[in-house]
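First the structure, in the form of structure tokens, and then the observations on it.
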Amino acid sequence: MTIDDLVDRLPRLHLEAGSVLDRSRLADVSLIVVHEGLVLVRTPVTGSSRRTITCHAGAGSLLLPPGQEELLTALTDATVVPISTDDREGLIASPEAARLLVDCLAETLRQKHGAIASMSRPHHVDRVREKLIELAREHGRVGRDGIRLDFPLTHDLLGEMVGSARETVTRALDELQREGFVVRRGRTYSVRLEPEQLASF
């Protein structure tokens, strides 16, 4: 059984790329399953107008609804399945379903731990490199130039993901392109790694 099988009978919510949901739009929602597409959770930075991306979730992911002042943003066209509190209680009554929910939440938590560890690196180029590897591992597709990231990845967006200013991300990407680690095509990138290499990072 997969997480999609588990919530197959629940209503789905379709989001166009760029759509934003806050807590008020997801009242009584306990959990969210991403059925298709890629969504982000943006969290405000205390004492600043900036936001940081604390979670990126693709198909098959399970995440908590946005908290106070957080925003759920669709990076691509996406379909999500909101799980109400009542539906959650019905699901966890089944041991198999409960195990699956815990496993999916553990995977989301692992990603957050990785994001925190990456932001602690003093060199911004290392932060950007690690984030590109993470995105390639979780959301990439194999292409002729390596692992393609087939979604709009702006310098501002990467900055929100790694906790760096846009200008700093631009310099880091320039360095990674000179190294041959990444190739840019318009607003998308390819990471010059073989699929089997991703597992070693």
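Here the CG-CE distance, from Asp8 to Met1, works out to 10.5 Å after rounding to the nearest 0.5 Å. Considering CG of Leu158 and CG of Leu153, their distance stands at 4.0 Å, rounded to 0.5 Å. From Leu40, atom CG reaches atom OG1 of Thr76 across 9.0 Å, with rounding to the nearest 0.5 Å. Summarising the geometry, atom CG belonging to Leu173 is positioned 10.5 Å from atom CZ belonging to Arg178; distances are rounded to the nearest 0.5 Å. Atom CG of Leu63 is separated from atom CG of Leu109 by 12.5 Å, given to the nearest 0.5 angstrom. To the nearest 0.5 angstrom, Thr43 atom OG1 is 10.0 Å from Glu160 atom CD.
Hydrophobic clustering places Val142 together with Leu135 (ILVMFWY residues linked when any side-chain heavy atoms are closer than 4.5 Å, directly or through intermediates). Val80 and Leu38 end up in different hydrophobic clusters when Ile, Leu, Val, Met, Phe, Trp and Tyr side chains are linked at under 4.5 Å. Taking hydrophobic clusters as Ile, Leu, Val, Met, Phe, Trp and Tyr residues chained together by side-chain heavy-atom distances below 4.5 Å, Val81 does not share a cluster with Leu21. A single hydrophobic cluster is seen to contain both Leu64 and Ile83, as judged by linkage of ILVMFWY side chains at heavy-atom distances under 4.5 Å, directly or through other members. Both Val162 and Val182 are members of a single hydrophobic cluster when ILVMFWY side chains are connected at heavy-atom separations under 4.5 Å.
Using a cutoff of 4.0 Å between basic side-chain nitrogens and carboxylate oxygens, Glu134 and Arg137 are not scored as salt-bridged. Looking at Glu96 and Arg99, no side-chain N of the basic residue comes within less than 4.0 Å of a carboxylate O on the acidic one, giving no salt bridge.
Side-chain contact between Leu157 and Leu75: present, with at least one pair of heavy atoms (C-beta onward) separated by less than 4.5 Å. By the 4.5 Å heavy-atom criterion applied to side chains, Pro65 and Arg23 are counted as neighbours. Between Val128 and Lys131, every side-chain heavy-atom pair lies at or beyond the 4.5 Å cut-off. A heavy-atom distance below 4.5 Å is found between the side chains of Ile133 and Phe181. Between Val20 and Arg42 the shortest side-chain heavy-atom distance does not fall below 4.5 Å. Within the 4.5 Å cutoff, side-chain heavy atoms of Asp4 are placed close to those of His35.
Proximity of a side-chain donor or acceptor of Arg184 to a complementary backbone N or O of Gly186 within less than 3.5 Å is detected. No donor-acceptor pair closer than 3.5 Å links the side chain of Ser190 to the backbone N or O of Gly146. Not a single donor-acceptor pair under 3.5 Å links the side chain of Ser94 to the backbone N or O of Leu91. Gln111 contributes a side-chain N or O that, together with a main-chain N or O of His56, makes up a donor-acceptor pair within less than 3.5 Å.
Closest heavy-atom contact between Pro82 and Pro11: CD-O, 3.7 Å. Residues Arg127 and Gly163 share a closest heavy-atom pair of NH1-O, 3.3 Å. The minimum heavy-atom distance linking Cys104 with Gly60 is given by the pair SG-O, 4.4 Å. The nearest pair of heavy atoms linking Ala17 to Asp77 is N-OD1, 2.8 Å. Between Thr54 and Lys112 the shortest heavy-atom distance is O-NZ, 3.2 Å. Nearest heavy-atom pair, Ile147 versus Gly140, reported as atom, atom and distance to 0.1 Å: CG2-CA, 3.7 Å.
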Intermediate values then yes/no, side-chain contact (heavy atoms from CB on, under 4.5 Å), Val39 and Ile32: CA-CA 11 Å; Val39 302; Ile32 298 173; over 6 Å; no
Ile53/Thr73 under side-chain contact (heavy atoms from CB on, under 4.5 Å): CA gap, chis, key distance, verdict: CA-CA 10 Å; Ile53 293 172; Thr73 304; over 6 Å; no
side-chain contact (heavy atoms from CB on, under 4.5 Å) evaluation trace for Leu6 with Leu101: CA-CA 9 Å; Leu6 193 64; Leu101 290 173; 3.9 Å; yes
side-chain contact (heavy atoms from CB on, under 4.5 Å) evaluation trace for Arg129 with Glu179: CA-CA 11 Å; Arg129 188 197 314 272; Glu179 289 179 12; 3.1 Å; yes
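With 3.5 Å as the limit, one finds a donor-acceptor pair spanning the side chains of Asp28 and Thr85. Between the side chains of Ser24 and Asp22, a donor-acceptor pair is found at a separation under 3.5 Å. For Ser164 and His124, the side-chain atoms include at least one donor-acceptor pair closer than 3.5 Å.
Counting non-hydrogen atoms of neighbouring residues, nucleotides and ligands closer than 6.0 angstrom, the CZ atom of Arg88 exceeds 12 such neighbours. Under a cut-off of 6.0 angstrom, the local environment of CZ in Arg50 is crowded, with over 12 non-hydrogen atoms contributed by other residues, nucleotides or ligands. No more than 12 heavy atoms of other residues, nucleotides or ligands shown are found within 6.0 angstrom of CD on Glu16.
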